[in-house]
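Within every chain, numbering begins at 1; the chains are lettered A, B, ... in the order of the sequence lines, protein sequences first and strands thereafter.
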Amino acid sequence: MAELKTTDNKLSLWRVENEADIKDALVALAITRDKISDLAVVMIRPEDLQELSMDDEEGNSPTFGINDKHRNITNLNYDTLGTVIISILNGLRSGGYKKHSDRAIKRMIVEAYKAGKVDLSNAKESMREDIEKALQSNVMN
Amino acid sequence: MNEEIRWYGIVNALQYFSDAIRMLTESLSSENTAGNNTTETGNDINVLDHIPENIFESLTTEYYEPGMISLGQEYFEKLLKQGYREKIRRIITSLYQLAGRKRSHILEINTIMIISQLPYLGEWEDILAVAATRSPNLDVQEAGIRCFERWENKEACEFLRGRVFSEDWLQEYADEVCAEVLEGCDEVVLPEKDSITWEMATTGSNQSGDIERYSSGYRDGGAEDNGQQAFPLAGGK
């Protein structure tokens with residue numbers, strides 16, 4: 001799973017192998033933002049990324065248990081970006097796309113927090129406020 | 001013969017010159033219009049008199065990013081904390097009208113997204129959200145639906161109930177929001193699609209509708225995948 005923002009010609013990915021990993025990765029992606037919001041993800045097959053150079057730099061998400069599953073596609077350039085795009089399209093074609101609503105993301109973050117998987121001290125203040133509101137919300141009960 | 005060619009050449013040159021002049025004047029004319037962010041009617045406000053230029057610039061040029069607080073949003077949240085509700089209404093409605101006049105989908109989406117993040121007051125915001133759901137631009141329609149999703153207000157969501165969207169993915173989104181808000185459904189299961197058709201996005205990521213969004217979950221490895229499913233199911237069909 002990837003968030004499509006590059007930094008220093010690197011694109012961040014999370015390697016997921018089961019539903020629990022997917023939820024953890026979603027929380028990891030969502031919780032680094034300013035506010036709880038919807039999140040659309042595309043699943044990319046590892047074989048589609050074989051031509052690309054990757055590293056296994058540990059993630060710095062405030063979510064426990066997922067940071068070792070972080071990977072970077074490195075040395076992105078015009079050519080390799082094309083490979084990334086094709087891999088995303090393959091993911092879309094095979095139905096590996098899902099948009100998670102605000103409410104679904106909120107629920108996942110709250111569940112992760114209650115399970116002790118999230119360290120909010122590293123989250124942005126605006127995100128902490130959103131999570132606190134969600135914890136108090138009747139919807140989550 | 002040479003004289004004919006020379007005259008023909010001169011006539012063509014004049015034609016190109018007049019075309020160039022026409023294009024240049026049209027370009028200058030549109031720049032002048034773009035620079036005129038004031039409104040003409042007496043009931044509207046001059047938007048730039050009421051918001052900082054950098055905020056206006058951000059609203060008109062920067063695409064909305066889910067989960068990120070934009071400069072515009074920060075600004076209006078600050079106004080709200082200071083109690084300037086009426087001022088917010090006047091600025092937002094003026095911005096929305098300006099977006100319509102300039103046909104600026106970026107401004108339209110950013111304005112609607114700001115409304116979606118403000119607390120629902122039940123005074124004027126739903127009218128703009130409903131208007132957004134009727135925009136010819138699909139991203140704007142989505143932004144309108146998002147307002148009802150974020151407000152989580154049953155009364156407001158009644159505006160969305162029964163609304164018919166031309167794009168399946170928007171209809172599904174609206175149906176999900178209605179189910180969640182009106183019926184309190186936590187998990188919405190939509191009918192599985194029989195086929196997926198794809199159209200390649202040709203320009204940029206904001207050309208919504210060019211890629212059909214299959215929002216029913218992650219697919220199981222099917223015949224199309226040749227059994228090469230790399231990831232176990234995640235609540236997929």
Side-chain angles (χ1 to χ4, degrees), chain A residues 1 3-5 15-23 25-26 29-49 85 87-107 124-127 129-130 133-134 137-140, chain B residues 64-70 73-74 77 113 116-117 142 145-152 169 172-173 176-177 179-181 184-188 192-193 195-198 200-201 205 211-226 228-237:
Chain A
M1 293 167 60
E3 182 174 12
L4 297 179
K5 266 189 179 174
R15 185 173 177 88
V16 295
E17 291 170 4
N18 50 48
E19 188 170 347
D21 281 352
I22 290 176
K23 273 194 174 169
L26 283 169
L29 282 169
I31 211 163
T32 53
R33 301 197 285 182
D34 294 340
K35 307 276 273 176
I36 294 177
S37 184
D38 58 289
L39 194 58
V41 292
V42 177
M43 307 293 274
I44 304 173
R45 300 171 183 280
E47 50 264 38
D48 286 343
L49 304 174
I85 290 169
S87 67
I88 291 172
L89 289 172
N90 287 341
L92 289 170
R93 287 193 185 104
S94 61
Y97 169 93
K98 184 164 184 180
K99 182 182 172 187
H100 298 270
S101 65
D102 283 19
R103 184 178 277 231
I105 295 295
K106 199 183 289 186
R107 187 183 312 115
K124 293 178 186 173
E125 188 181 336
S126 48
M127 174 57 70
E129 284 173 10
D130 263 11
K133 275 185 210 164
S137 165
N138 290 334
V139 167
M140 295 295 133
Chain B
Y64 165 77
E65 272 190 69
M68 306 311 284
I69 300 177
S70 64
Q73 189 182 328
E74 262 181 357
E77 281 180 357
M113 285 302 182
S116 77
Q117 294 281 24
E142 184 187 20
I145 299 172
R146 197 184 295 265
C147 287
F148 298 105
E149 181 183 22
R150 291 212 169 132
W151 292 331
E152 293 188 331
W169 65 272
E172 284 173 16
Y173 182 26
E176 279 178 13
V177 169
E180 283 183 359
V181 176
C185 297
D186 279 344
E187 293 289 342
V188 180
E192 191 165 322
K193 294 180 79 70
S195 64
I196 300 172
T197 58
W198 304 98
M200 304 293 281
S205 59
I211 296 179
E212 185 173 326
R213 298 178 190 188
Y214 181 50
S215 59
S216 299
Y218 300 106
R219 287 262 324 270
D220 191 354
E224 297 92 322
D225 296 329
N226 296 320
Q228 288 177 8
Q229 176 71 18
F231 307 100
L233 290 179
K237 305 266 162 126

Between A:Lys99 and B:Glu176, is the closest basic N to carboxylate O distance under 4.0 Å? no

Examine whether an atom of A:Lys124 lies under 4.5 Å from a heavy atom of chain B, and if so say whether it belongs to the side chain, the backbone or both; otherwise answer neither. side chain

Measure distances from B:Glu74 to the heavy atoms of chain A and classify the residue's part below 4.5 Å as side chain, backbone, both or neither.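 For B:Glu74, there is no contact with chain A at all, as no heavy atom is under 4.5 Å.
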
Polar side-chain atom of A:Asp102 near backbone of B:Arg150 as donor-acceptor pair, under 3.5 Å: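 Such a contact is absent between A:Asp102 side chain and B:Arg150 backbone.
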
Qualifying residue for side chain to side chain contact (heavy atoms under 4.5 Å, CB included) with B:Pro66, from A:Ile36, A:Asp38, A:Asp34: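 Per the side chain to side chain contact (heavy atoms under 4.5 Å, CB included) rule, the option paired with B:Pro66 is A:Asp38, out of A:Ile36, A:Asp38, A:Asp34.
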
Out of B:Arg146, B:Met68, B:Glu65, which one pairs with A:Ser37 under the side chain to side chain contact (heavy atoms under 4.5 Å, CB included) rule?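 So the option named by the test is B:Arg146.
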
Going by salt bridge (Lys or Arg N to Asp or Glu O under 4.0 Å), name the residues that satisfy it together with A:Asp130, two or more places apart in sequence or in a different chain. A:Lys35

For A:Lys133, enumerate each residue passing the salt bridge (Lys or Arg N to Asp or Glu O under 4.0 Å) test, keeping only those at least two apart in sequence or located in another chain.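 Counting only residues at least two positions away or on another chain, A:Lys133 forms no salt bridge (Lys or Arg N to Asp or Glu O under 4.0 Å).
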
Give the minimum heavy-atom separation between A:Ser101 and B:Glu180, together with the two atoms involved.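 Looks like OG-OE2, 3.6 Å.
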
